[in-house]
Each structure stands twice: as C-alpha cells, then as structure tokens.
Amino acid sequence: MLDLFSEEAPWQEPLADGAVILRRRAREEAPALMAAILAVAQQNPFYHRITPGGHRMSVAMTNCGDFGWSSDSRGYQYTEQDRESGRKWPPMPPLFRQLALDCAREAGFPHFNPDACLINRYEPGAKLSLHQDKDEKDLHQPIVSVSLGLPAVFQFGGFARGDATQRVLLEHGDVVVWGGPSRLRYHGILPLKPGDHPLAGAFRYNLTFRRAF
Ligand code: MD6
Ligand code: FE
C-alpha cells in the first residue's frame with residue numbers, strides 16, 4: 001500500500017515528445033530492487049569499464065538479462081557473457097522485468113520487451129558524458145530508466161551533441177521512459193554530489209532496460 005501520509009503518490013512529468021518522468025514510481029519496490037541489484041553484483045561484480053578511447057569510466061557497471069552492455073578497446077557492444085568474469089549475465093529478476101513493463105505501458109509503450117538491463121553505479125564525482133543510446137538493434141523500443149539512491153542531475157538534450165540541454169534532478173524512485181521521437185536524444189549525468197542515502201549509502205544506482213536485439 002502507498003502510505004499517502006508520508007509519501008506522495010507517483011506523478012507524471014512530460015520531458016519531450018515520447019519522453020516522460022514517472023516521479024517516485026519505483027519507491028515502493030526500491031528496497032527489493034536494491035536487494036536484487038546486490039544479488040546480481042555478487043555474481044557479476046561492478047566494474048569500471050575502459051572506453052574504446054582508453055579511458056576508465058567513472059561509473060561502475062554490471063548487467064542482468066539475456067544480454068549485457070559493456071565496452072572495451074573493441075568498442076561498445078551487447079554480449080551474452082560478462083567479458084570480465086567470462087560468465088553469462090544473471091537472469092533479469094522477475095521484479096525488474098515487471099516494473100519495466102508496467103512503466104513502459106504507463107508511458108504509452110505497451111509492447112516493450114526488454115532483453116537487457118544495464119546497472120550503473122555512481123560514486124561521488126562519477127558522471128556520464130552526453131551520449132546517445134544507439135547500440136540497440138530496434139530503436140522503436142523505448143528505454144526504461146530507474147534511479148535509486150542519491151539524486152543526480154540529468155541532462156536531456158537534442159539530436160546533436162551541441163544542442164541545448166534541459167537539466168532535471170532525478171531522485172530515488174524516479175523512472176524515465178523514452179522512445180519514439182526522443183529515442184536518440186543526447187543525454188548524460190552531471191558529477192554526483194556526495195551524500196548518504198538510507199538505502200544506497202554513498203551511491204546512486206540506475207537501471208536501464210532495453211531491447212538489445
Ligand atoms: C543514468 N542513464 O541515469 C544514465 N540512457 O544513470 C542513461 O544513460 C539513459 O537514463 C538511455 C535512456 C535512459 C537513461
Ligand atoms: Fe543512455
């Protein structure tokens with residue numbers, strides 16, 4: 001049950017055509033989501049990947065689902081195995097999948113069928129530079145993004161890297177769904193400010209659900 005006295009009910013905030021923030025949408029599930037993240041990370045730990053350009057990413061990543069996203073000197077790609085551990089990615093927990101489907105449907109994407117979930121972990125100072133998500137085969141499927149733990153400033157831009165960006169704060173339990181005409185917009189995360197979150201400690205976690213193939 002939502003406790004309407006101590007928590008606000010979720011609400012929707014349009015970002016752009018095809019993109020919406022479902023504020024606080026994942027708050028109720030957050031403790032179970034956090035536990036599932038830690039269970040995935042016990043099997044396939046968070047790593048700081050190296051970009052094709054040779055830089056160590058400040059965000060640490062792991063994945064679950066049939067495919068996982070990572071980068072190394074060969075480039076960015078989705079793989080069935082974690083190239084660090086050599087093992088298959090852990091299955092997507094049913095709770096993850098259900099949340100992603102529900103959020104996609106609420107945002108107007110009833111046919112979303114994710115096969116990959118990238119889990120990002122930000123420590124203070126960690127950031128994600130402006131980028132497009134374009135390594136997925138079917139760009140008609142949206143992306144569902146779930147933020148947990150410390151808040152972060154999300155930059156949401158246009159279709160060229162230099163376009164003006166909106167800045168929005170993403171907080172614990174916020175879900176962003178975007179697809180359609182916004183699917184290839186540039187976006188990023190500004191350096192995380194230090195803090196102490198009751199569930200996530202010194203970190204921000206972000207789950208992004210995608211259809212990779
Ligand atoms: C993050 N998110 O929130 C990074 N990509 O930590 C993303 O890069 C992202 O939130 C595609 C769609 C939604 C996202
Ligand atoms: Fe992205």
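Order of listing sets the numbers, starting from 1, for every ligand and every atom in it. The figures that follow rest on heavy atoms only: side chains count, while hydrogens, waters and symmetry mates do not.
- Close N/O approach between Arg204 and ligand 1 is found [any backbone or side-chain N/O within under 3.5 Å].
- Classification of the Phe213-Tyr78 ring pair by plane angle, with boundaries at 30° and 60°, yields perpendicular.
- Close approach of ligand 1 to His131 (heavy-atom distance below 4.0 Å) involves ligand atoms 8 (O).
- A cation-pi geometry, defined here as NZ or CZ lying under 6.0 Å from the six-membered ring centre and within 45° of its normal, holds between Arg121 and Phe203.
- Among protein heavy atoms, atom 10 (O) of ligand 1 sits closest to Ser145 OG, 2.8 Å.
- Looking at Thr208 next to ligand 1, no N or O pair under 3.5 Å apart turns up.
- No N or O atom of Ser147 sits closer than 3.5 Å to an N or O atom of ligand 1.
- Of the possible donor and acceptor atoms, one in the side chain of Gln132 sits under 3.5 Å from a partner among the backbone N and O of Leu184.
- In this pair, Phe96 and Phe209 present their aromatic rings perpendicular. The plane angle is above 60°, beyond the 30 to 60° band.
- Annotation: atom 6 (O) of ligand 1 to nearest protein heavy atom, Tyr122 OH, 2.4 Å.
- Residues passing the ring pair (Phe, Tyr, Trp, His ring centres under 6.0 Å) test with Phe159, sequence neighbours excluded: none.
- Pairing each heavy atom of Ser71 with each of Thr51, the nearest pair is OG-CA, 3.8 Å.
- The ligand atoms of ligand 1 that sit less than 4.0 angstrom from a heavy atom of Ile143 are 11 (C), 12 (C), 13 (C).
- Results of the side chain to side chain contact (heavy atoms under 4.5 Å, CB included) test with Pro114 over Arg211, Arg97, Gln141, Arg210 single out Arg97 as the only residue that passes.
- Per-residue contacts place Asp133 under 4.0 angstrom from the following atoms of ligand 1 (heavy atoms of the residue considered): 5 (N), 11 (C).
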Applying side chain to side chain contact (heavy atoms under 4.5 Å, CB included) to Leu118 and Leu207, what does each step give before you reach the verdict? CA-CA 6 Å; Leu118 169 65; Leu207 308 172; over 6 Å; no
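- Given atom 5 (N) of ligand 1, the protein heavy atom at minimum distance is His187 NE2, 2.7 Å.
- The two residues Ala100 and Val144 make their nearest non-hydrogen contact at O-CG2, 3.8 Å.
- When heavy-atom distances to ligand 1 are checked against a 4.0 Å cut-off, Leu128 comes that close only through its side chain, counted from C-beta outward.
- What sits closest to atom 2 (N) of ligand 1 on the protein, heavy atoms only, is Asn206 OD1, 3.7 Å.
- In this view, Asp72 and Arg74, Arg83 satisfy the salt bridge (Lys or Arg N to Asp or Glu O under 4.0 Å) rule, not counting sequence neighbours.
- For the Fe ion (ligand 2), the set of protein N/O/S atoms nearer than 2.8 Å consists of His131 NE2, Asp133 OD1, His187 NE2, ordered by chain and number.
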Going by atom type alone, with no hydrogens or angles, which donor-acceptor pairs under 3.5 Å involve a side-chain atom of residues 172-182 and a protein atom two or more places apart or on another chain?
{"residue": "His172", "atom": "ND1", "partner": "Gly149", "partner atom": "N", "Å": "3.0"}
{"residue": "Asp174", "atom": "OD1", "partner": "Arg24", "partner atom": "N", "Å": "2.9"}
{"residue": "Asp174", "atom": "OD1", "partner": "Arg24", "partner atom": "NH1", "Å": "2.9"}
{"residue": "Asp174", "atom": "OD2", "partner": "Arg23", "partner atom": "NH1", "Å": "2.7"}
{"residue": "Asp174", "atom": "OD2", "partner": "Glu171", "partner atom": "N", "Å": "2.8"}
{"residue": "Trp178", "atom": "NE1", "partner": "Arg183", "partner atom": "O", "Å": "3.4"}
{"residue": "Ser182", "atom": "OG", "partner": "Asp17", "partner atom": "O", "Å": "2.5"}
{"residue": "Ser182", "atom": "OG", "partner": "Arg185", "partner atom": "NE", "Å": "3.0"}

